[in-house]
Amino acid sequence: MDRLSSFLLRRLRHVERREVWRLAVRNGLLMMTTAIVDGHVIGRYLPAFDPSHLAGEVERDRQWVRDRLAAFLIDAPQDTSGRPDLLSAAPVWPAQLRRRLAGNGADDAALAYAVRVVAEAGEVIGIKTMATVLLLAAAIEESGVELRDLVAFLRQPAGVFAVQVAVEGFERALPHLVEETAFVPFGPYVGMAADFTFVDELWTYVEGRAKRVFLQIPVAQTYRPRRSSMRAQLLWALAHGSPVLAVAETYQGVPDQVDLTSDVRLTGGGINITFLADLLEAVYGSDAVSRHDGLIAVIDAGALTLDDLAIAVRPGRPILSSIEALVGLAVHNREERNNEKDKGDAASSRRLITQSPSERAAQSSQDRSSKGDSASSSAGSRRSKAQPTGAEVIQPVPADGDTPGEGRPPLQVETLTGYGAAKDWALGVKADLADYLAGDLAWSDMSTKLLLSGPPGTGKTTFARAMCNSLRIPLVVTSVSTWLQGEYLNAVLDGMANTFAEARAQAPCILFIDEIDGIGQRASASRPYADYWNACVNKLLELLDGVVKTDGVIVVGATNRPNEIDEAIRRSGRLETHIDIPRPDIPALAGILAHHLGADLDVVAKSDTQDGGQP
C-alpha cells in the first residue's frame, strides 16, 4: 500500500474513533476533562467505568467492551412523537461495572488504554467507505494532484471539483463519504442535488448541526440536468460561495460546464488487483495478503463493483472466504455482461432479415472470406485457433520440425539476425523462464514486459513468433484494432479484459499486442471523444497492472510510433522495457536472406558471380 492510501485510511479511522469518543461521552461511557499542556488547554477523555476489568489483550478487551457496554456505543434513536415516555432511556450500567471516579487506583497508561479500547470497540467502518477512500487516493495519485493543493481548494469558499472513477457505485459512494463522515476537512457537509433545489445560505442547520452546503452535480445520464439549468445552478452556487462536486462513474465524463471551470480534476482507472490487495490489507493486514497474493492475482478485478466488495469482504470473515467470493462475483458479472453482449449481437443478426437474398449472400461471402484470411494467417505455427476475443493462439513448432508449408527450420530467437537488444532480452527471458518453471526464480523478479518499436517491416511480429518457438510456450496474438471493432465502449473494454483473461488461461504464454499505439493518449475531458479514449487507456493500464501479479504471462506490445503511446503505459510495472528495432544493415540482410532462401542462397550467389557480379 502506498503512502497516500495509508495516510487517508489512517485519517478515516481517526475521524471514526473521534466520533465514537464523542458518542461515548454523550452516553456516559467516557468523561471529558481538560488539561493544560505547554500553556494550551486540551481535552482529555477518561473512562467512566472500572478499567481494572481490562486484561491488556487488545482483541479480548475489545470484545469485552462490545459484549458488556455495547449500548453505550450505539447512538440512541431520536423521538419524533413528542411523548416523553417514549424517549430513549440512558444505558443501564451492569452491576459489576458501577461507576467510579476515574483515576482512583489506575495510572494514566491504563486510562489511556481503556479509552483506546472503547474507540476500537465502537469503530464501524463500512467496506464501501474504505474502498471509496482507496479509489479516491488512486485518483489523486494518478492525476498528479498534491494533497496540500487539494486541501487548499477545500478551504476556499467556492471550489469546483470534478472526480471521474470508472467503478459502478462510486457516483453515490463519494458524496456519502463527504456527508456521512468527517473525512473531508472544513465540514461537516450536506449536499444539495443540482437538479433538485436551491439553498439560500452557505451553511445550514441539519439535525441540529451547522453543515456546509455543497452543490452535487449528478453525472449519470438519467439524472443529468439540462445544459440551461446547469449554468444557472453553477452561477448560483459560485455566487453564494458553495463548493461544487461533480462525480462520474461512467466513461462519458463530467459535464463540460464543470470540467472547464474546475479547480481540481481527478481521474482514476477503477478497480484493479493492486486496489484489491490494498483493501484486503486494510481489513486483514499485510501478512494475510502476502500469504494469499497468488489467489488475489487471479481475480478479474475489472468486473467487480463497490457493492460486490461490500458483499464479499466483511470484517471477521476469513480472508480465503472473501477471496473466493470476489472470484465468484467477478465471474458472475463477466458472464452477465457477455450475455448482454450476445443479446445485442442477436439483435444485430435479426436486422439481416430485412436484407434482400442477394445482400445476405454477399454478407455470408464476406464472412467466409474473413475466416479464410484468419486461417491463412496461421502459417508458421503448429496449431492455431481463433478465440471469441478475436485473439489467435499459436502453439510453438517443434525445434526438430519444419515450418508447415515452407520446408525450412522454424523461426527461433537464437537464429534471428539484426534484432540486437531485443534478441538479448528474449534470451534472458528464456533463461529466467526455465528457472521459474524449476521453482528457482519468482515471476516478480523477471523482466516480462516489453515495448517493441521500429519502422514497418522490421520484423516485430516475426520476433514474437520466434519467441514462441524458442520459449516453447503459446503465443496469444491480438491488436488494438481488433479491440476497437466493438460496437460500443463497453464491448471494447470487455474485449480487452477478455483477451487478458485468455492469456491467463494459456499461461505460461506470450501476449503480443500489435498496433498498441492505436490505444492513444489520455486527453482533457473537454476534447471531443476524450471520455472514450481515456477509458481505453485507463482500462489498458488496469490490465497491465493486473498482469504484474499474474504469473506466467509475458506481454509484448509492438508499435511503429512509440511517441504516441501514453506515458503511463511505459511506466514501471507496465511496458517499462522499450527496445527499438532498427532497419537491418548489410550483415543482418544477409542473415535474413540465409534464413528464407536456405540452400538456394548458394545457387543465387553462384549465379550472380557467373554473371560478373559480386557475391
Side-chain angles (χ1 to χ4, degrees), residues 166 250-252 270 300 302-303 333-352 355 359-360 362-378 384-394 456 460-461 464 475-506 509-523 528-544 546-547 555-561 564-566 569:
T250 62
Y251 291 106
Q252 62 188 16
D300 185 5
N333 292 348
R334 188 67 69 184
E335 289 177 350
E336 279 193 341
R337 294 175 187 177
N338 289 339
N339 289 338
E340 292 176 359
K341 178 182 176 182
D342 291 341
K343 290 179 182 178
D345 293 341
S348 298
S349 65
R350 285 195 294 271
R351 289 196 294 267
L352 292 175
Q355 295 178 341
E359 289 174 333
R360 289 199 297 270
Q363 180 68 40
S364 176
S365 176
Q366 181 179 354
D367 293 342
R368 287 194 300 270
S369 176
S370 64
K371 291 180 180 179
D373 293 341
S374 175
S376 64
S377 66
S378 64
S384 175
K385 59 179 180 179
Q387 300 300 309
T389 62
E392 183 183 14
V393 179
I394 300 174
K460 296 181 286 294
T461 305
L475 172 66
V476 180
V477 180
T478 189
S479 66
V480 171
S481 61
T482 300
W483 292 339
L484 297 179
Q485 290 176 3
E487 185 175 359
Y488 302 104
L489 178 59
N490 286 340
V492 174
L493 302 181
D494 285 345
M496 297 169 66
N498 291 337
T499 299
F500 276 77
E502 172 66 22
R504 289 194 295 269
Q506 297 286 338
C509 73
I510 304 165
L511 174 59
F512 181 74
I513 307 173
D514 202 6
E515 305 168 352
I516 197 169
D517 54 277
I519 208 69
Q521 297 179 340
R522 289 171 296 181
Y529 308 109
D531 52 349
Y532 183 95
W533 295 111
N534 289 345
C536 293
V537 174
N538 289 334
K539 187 64 177 180
L540 181 58
L541 295 177
E542 172 194 328
L543 294 169
L544 289 174
V547 176
V555 181
V556 179
T559 177
N560 301 333
R561 301 172 294 179
E564 297 187 15
I565 297 177
D566 194 283
I569 297 176

In short, C509 meets A503 closest at the heavy-atom pair SG-O, 3.2 Å
Suppose we screen for salt bridge (charged side-chain N to carboxylate O under 4.0 Å, His left out). Which residues come up paired with D566, at least two apart in sequence or across chains?
R522
When F512 is tested against each of V476, T478, T461 for side chain to side chain contact (heavy atoms under 4.5 Å, CB included), which residue passes?
T461
All side-chain contact (heavy atoms from CB on, under 4.5 Å) counterparts of A501, not counting sequence neighbours
R504
Could you tell me which non-hydrogen atom of C536 sits nearest to which non-hydrogen atom of M496, and how far apart they are?
O-CE, 3.5 Å
Just so I know, are the side chains of I569 and Q521 near enough to count as touching, which here means a heavy-atom distance under 4.5 Å?
no
If you define the side chain from C-beta out and look only at heavy atoms, does anything of N538 sit under 4.5 Å from W533?
no
side-chain hydrogen bond (donor to acceptor under 3.5 Å, both in side chains) filter on T559, not counting sequence neighbours, yields D517
Non-hydrogen atoms of L484 and G518 that approach each other most closely
CD1-O, 4.3 Å
Apply side-chain contact (heavy atoms from CB on, under 4.5 Å) to residues L475 and E392 and explain how you reach the verdict.
CA-CA 8 Å; L475 172 66; E392 183 183 14; over 6 Å; no
For T482, give me all partners under side-chain hydrogen bond (donor to acceptor under 3.5 Å, both in side chains), at least two apart in sequence or on another chain.
S479
With a 4.5 Å cut-off on side-chain heavy atoms, are K539 and V492 touching?
no
What's the spacing between R334 CZ and D494 CG if we round to 0.5 Å?
5.0 Å
Which value, rounded to the nearest 0.5 Å, describes the distance between W483 atom CH2 and N498 atom CG?
11.0 Å
Please report the interatomic distance CD1(I516) to CG(L540), rounded to the nearest 0.5 Å.
5.5 Å
What is the minimum heavy-atom distance between L489 and A535, and which atoms define it?
CD2-CB, 3.9 Å
Any non-hydrogen side-chain atom of I394 less than 4.5 Å from a side-chain atom of V477?
yes
Student check: side-chain heavy atoms of I519 and E564 closer than 4.5 Å
no
To the nearest 0.5 Å, how far apart are CD in E515 and NZ in K460?
10.0 Å
Quick one: are D514 and S481 in side-chain contact, heavy atoms under 4.5 Å?
no
